[in-house]
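The next block holds one structure in the form of structure tokens; read it before the comments.
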There are 2 protein chains.
Amino acid sequence: MNKQKRKSLEKKGWKFGSTEEFLNLSEEESSYIELKMKLSANLRKLRTEHKLTQVELAKVIKSSQSRVAKLETGDPSVSLDLIIRSLLALGTSNKEIARAISS
Amino acid sequence: MNKQKRKSLEKKGWKFGSTEEFLNLSEEESSYIELKMKLSANLRKLRTEHKLTQVELAKVIKSSQSRVAKLETGDPSVSLDLIIRSLLALGTSNKEIARAISS
DNA sequence: TAAATATATGTCAATTATGACATATTATCA
DNA sequence: TGATAATATGTCATAATTGACATATATTTA
């Protein structure tokens with residue numbers, strides 16, 4: 001992960017501590033973020049393909065429009081659990097989820 | 001998912017409501033559980049391959065032995081986030097995680 | 001362009017996950 | 001066997017995530 005990417009993520013609310021800490025930021029942390037980002041992007045793709053608005057998707061997953069927005073923009077306040085559950089609610093199979101992660 | 005499987009999961013603390021509800025239990029819910037189970041199993045496999053005890057893994061991921069046990073036994077109280085983070089802490093790549101999900 | 005529709009951002013009380021601890025159960029091995 | 005190490009289970013106060021709401025911003029359409 002480079003400085004550019006860091007700035008973009010920090011703007012979204014991700015916290016990374018000192019620059020030093022960031023520079024040796026573990027593979028772990030960046031893999032985790034990358035994973036979430038990929039699945040978030042996939043969720044938006046799926047929703048639009050299904051021609052649903054965020055309000056409509058919110059109904060399906062029993063959540064709210066604002067949370068759907070956060071899901072799709074990679075807000076750090078959303079859990080992987082919710083992202084995955086949302087994907088599954090849209091009919092995504094585990095294999096497709098795996099594909100999205102690998103992509 | 002069959003009745004056998006259901007009993008086993010309920011013993012672990014999963015909640016499914018009425019039998020009726022369970023019978024039309026969405027693909028969604030069972031996929032979600034299946035996903036967690038696969039990753040949990042993978043975590044245990046990895047830990048033992050690394051010849052770590054649960055206490056040692058707990059140190060690595062800054063958690064406790066009891067939570068590691070719950071991670072590995074598919075306790076419903078553990079999040080996908082923690083499972084994934086633990087896998088990543090053990091050096092698992094996103095691609096490997098994807099493979100585990102697809103398996 | 002203005003109105004309407006869609007999405008984003010901020011906040012918060014309630015819900016859920018967390019690490020920690022105690023303790024029970026299960027495996028290992030002398 | 002019995003001691004010791006490893007894992008499992010139960011509980012709880014604290015921390016993190018949640019849906020909901022208000023409202024801002026962006027996009028579409030008349």
Side-chain angles (χ1 to χ4, degrees), chain A residues 7-17 28-29 32-33 35-37 39-90, chain B residues 7-17 28-29 32-33 35-37 39-90:
Chain A
K7 279 216 169 167
S8 151
L9 288 171
E10 281 182 335
K11 214 172 150 192
K12 286 191 174 180
W14 293 91
K15 288 280 168 292
F16 295 113
E28 179 192 345
E29 190 67 7
Y32 175 71
I33 296 173
L35 195 84
K36 279 177 81 168
M37 294 302 190
L39 293 175
S40 292
N42 213 254
L43 180 60
R44 166 157 290 172
K45 184 162 168 288
L46 249 119
R47 176 180 63 81
T48 53
E49 280 175 4
H50 285 235
K51 300 207 188 303
L52 295 175
T53 65
Q54 291 185 343
V55 170
E56 290 167 331
L57 174 55
K59 276 228 174 77
V60 174
I61 65 172
K62 296 182 176 75
S63 183
S64 60
Q65 179 271 324
S66 57
R67 190 131 301 272
V68 172
K70 281 160 191 160
L71 273 165
E72 294 184 348
T73 54
D75 189 290
S77 84
V78 321
S79 71
L80 214 50
D81 291 69
L82 190 59
I83 301 175
I84 296 276
R85 280 181 178 283
S86 303
L87 285 168
L88 293 174
L90 283 179
Chain B
K7 278 216 169 169
S8 152
L9 288 172
E10 281 183 335
K11 215 174 150 189
K12 287 191 174 179
W14 293 90
K15 288 281 167 290
F16 296 113
E28 178 191 345
E29 190 67 7
Y32 174 72
I33 296 173
L35 195 83
K36 278 177 82 167
M37 294 302 190
L39 294 174
S40 293
N42 213 251
L43 180 60
R44 164 157 291 170
K45 184 162 168 288
L46 250 120
R47 175 179 63 81
T48 53
E49 280 174 5
H50 285 236
K51 300 208 188 303
L52 295 174
T53 65
Q54 290 185 344
V55 170
E56 290 167 331
L57 174 56
K59 276 229 173 76
V60 174
I61 66 172
K62 296 183 175 74
S63 182
S64 60
Q65 179 272 323
S66 57
R67 190 131 301 269
V68 172
K70 281 160 190 160
L71 273 165
E72 295 184 348
T73 54
D75 189 290
S77 83
V78 321
S79 69
L80 234 106
D81 292 69
L82 190 58
I83 302 176
I84 296 276
R85 279 181 180 282
S86 303
L87 286 169
L88 294 174
L90 283 178

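Naming convention: chains lettered A, B, ... in sequence-line order (proteins, then strands); numbering from 1 in each chain.
Interatomic distance, OG of B:Ser79 versus CG of A:Asp81, reported as 5.0 Å (0.5 Å rounding). To the nearest 0.5 Å, atoms CG (A:Leu80) and CD1 (B:Ile83) are separated by 9.5 Å.
The interatomic distance linking A:Lys59 (NZ) with D:dA20 (C1') rounds to 14 Å, in whole Å. In this structure, A:Ile84 places its CD1 atom 17 Å from C1' of D:dT18, rounding to the nearest Å. Rounded to an integer number of Å, the gap from CD of A:Gln54 to C1' of D:dG19 is 15 Å. Look at NE2 on A:His50: it is 19 Å from C1' on C:dA6, rounded to the nearest Å. Atom-to-atom, CZ of A:Arg85 to C1' of D:dT18 comes out at 12 Å; the value is rounded to the nearest Å. Rounded to whole Å, atom P of C:dT5 lies 18 Å from atom CG of A:Leu52. Across the protein-nucleic acid pair, A:Lys12 atom NZ and C:dT7 atom P stand 16 Å apart, rounded to whole Å. Taking atom CG of A:Asp75 as the reference point, atom C1' of D:dT18 lies 12 Å away to the nearest angstrom.
At a cut-off of 3.5 Å, with distance as the only test, a side-chain donor of B:Asp75 or B:Ser77 sits close to an acceptor on the other residue.
Of all the heavy atoms in A:Arg85 and B:Glu29, the pair that sits closest is NH1-OE1, 3.3 Å.
The side chain to side chain contact (heavy atoms under 4.5 Å, CB included) test applied to A:Gln54 returns A:Arg44, A:Arg47, A:Gln65, A:Val68, A:Ala69, A:Glu72, not counting sequence neighbours.
B:Lys12 NZ: more than 12 foreign heavy atoms inside a 6.0 Å radius.
Between B:Arg44 and D:dT7 there is no side-chain polar atom (N or O) within less than 4.0 angstrom of OP1 or OP2.
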Sugar-phosphate means primed atoms, P, OP1 and OP2; the rest is base. With that split, encode nucleotides 11-30 of chain C 5' to 3' as B, S or - using protein heavy atoms under 4.0 Å.
B-----SBBBB---------

